[in-house]
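Report on the following structure.
Chain letters run A, B, ... following the sequence lines, proteins first and then strands; every chain starts at 1. It should be emphasised that the depicted structure is a prediction, and the values quoted were computed from it without experimental measurement.
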Amino acid sequence: DQQVKQNSPSLSVQEGRISILNCDYTNSMFDYFLWYKKYPAEGPTFLISISSIKDKNEDGRFTVFLNKSAKHLSLHIVPSQPGDSAVYFCAALEGADGLTFGKGTHLIIQP
Amino acid sequence: NAGVMQNPRHLVRRRGQEARLRCSPMKGHSHVYWYRQLPEEGLKFMVYLQKENIIDESGMPKERFSAEFPKEGPSILRIQQVVRGDSAAYFCASSPNLSGANVLTFGAGSRLTVL
């Protein structure tokens, strides 16, 4: 049973436009959410996070939104750049447990 | 300041052989996590260790898999009698402390192929 779901395996966005990556979760005990970015043949790198007590966190071109009632979060990237092409993993944390990851969304930025 | 170092980057084993994957955490980090990524899947938590202690191994298969993080040296993930289904990318991550699970730094991964 997947507790963190990323239902879009891939997403194609034109350079300069907004990229919106979605993530749903089922475990209401998750208290911290993170987004990781992964290039081929590299490990995931931390991108941005949000505590469950907040509904928005912004860092430069990246903004994460959390809707706790819907158990949904999203990552907005604006404007999208070619270097943003990567696989993006949504992850959730409950207490001090290990992270629970979604399957990832492959973002492709087209020139 | 080197990041999380994993080796080997690629490992090929025949069915029934043993695989040993090593992970050296970031300097100053005393907590190590192992994750496995199967093809077309996300990363799945396997085990969480501190020096000489296994804190949480709820994600580890019950048989053939073991992990250690000795007082000296890297953390080792050991898979005995490998089967084709063990083929995956194994990622190690480290954090500075217990509450640092939300600031994991990942290594580049070790890709295991079982023939």
Side-chain angles (χ1 to χ4, degrees), chain A residues 1-10 21-27 29-54 57 59 64 66 73 86-107, chain B residues 2-10 21 23-26 29-50 53-60 67 77 88-111:
Chain A
D1 179 35
Q2 254 198 305
Q3 296 188 66
V4 177
K5 297 177 186 176
Q6 292 178 258
N7 291 319
S8 298
S10 66
L21 297 106
N22 293 304
C23 177
D24 297 291
Y25 62 95
T26 57
N27 183 354
M29 300 301 291
F30 287 140
D31 54 6
Y32 210 85
F33 302 90
L34 306 91
W35 285 93
Y36 280 82
K37 177 179 178 180
K38 185 182 180 303
Y39 293 118
E42 294 184 14
T45 53
F46 170 74
L47 194 57
I48 192 169
S49 64
I50 187 167
S51 165
S52 61
I53 61 173
K54 295 192 174 181
N57 187 26
D59 183 3
V64 55
L66 175 63
L73 66 155
V87 177
Y88 288 79
F89 289 100
C90 171
L93 190 65
E94 177 185 351
D97 291 349
L99 288 170
T100 302
F101 284 86
K103 290 190 178 185
T105 296
H106 185 193
L107 176 65
Chain B
V4 178
M5 304 301 292
Q6 288 188 249
N7 70 83
R9 291 295 310 276
H10 300 276
L21 309 176
C23 169
S24 296
M26 277 189 73
H29 286 193
S30 57
H31 297 244
V32 165
Y33 304 74
W34 284 94
Y35 287 81
R36 173 166 69 172
Q37 184 181 22
L38 295 168
E40 310 300 325
E41 297 283 328
L43 288 82
K44 295 271 197 270
F45 168 75
M46 298 182 76
V47 63
Y48 162 37
L49 311 104
Q50 293 178 29
N53 261 323
I54 296 175
I55 306 301
D56 180 356
E57 56 181 347
S58 58
M60 285 277 271
L77 180 67
Y90 292 82
F91 289 95
C92 171
S94 69
S95 71
N97 49 47
L98 178 64
S99 61
N102 58 338
V103 287
L104 294 183
T105 302
F106 280 85
S110 292
R111 182 164 296 281

When rounded to the nearest 0.5 angstrom, what is the spacing between [atom1] in [X] and [atom2] in [Y]?
X	Y	atom1	atom2	value
A:F89	B:Y35	CZ	OH	12.5 Å
A:Y36	B:L43	OH	CG	10.0 Å
A:K103	B:K44	NZ	NZ	6.5 Å

*Looking only at heavy atoms, which two atoms of A:K38 and B:F91 are closest? And how far apart?*
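Smallest interatomic distance, heavy atoms only, reads CE-CZ, 3.4 Å.
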*How close do B:G107 and A:P44 get, heavy atom to heavy atom, and via which atoms?*
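So the two residues come closest at O-CD, 4.5 Å.
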*With respect to chain A, which residue among B:Q6, B:R111, B:R9 yields the maximal number of heavy-atom pairs within a distance under 4.5 Å?*
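With the most close heavy-atom pairs to chain A, the winner is B:R9.
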*Report the option among A:A41, A:G104, A:P9 that has the most heavy-atom pairs separated by less than 4.5 Å from atoms of chain B.*
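Option with the top pair count is A:A41.
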*asked:* I'd like to know whether CE of B:M5 has more than 12 heavy-atom contacts from other residues, nucleotides or ligands below 6.0 angstrom.
replied: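 Atom CE in B:M5 is not crowded, with 12 or fewer foreign heavy atoms closer than 6.0 Å.
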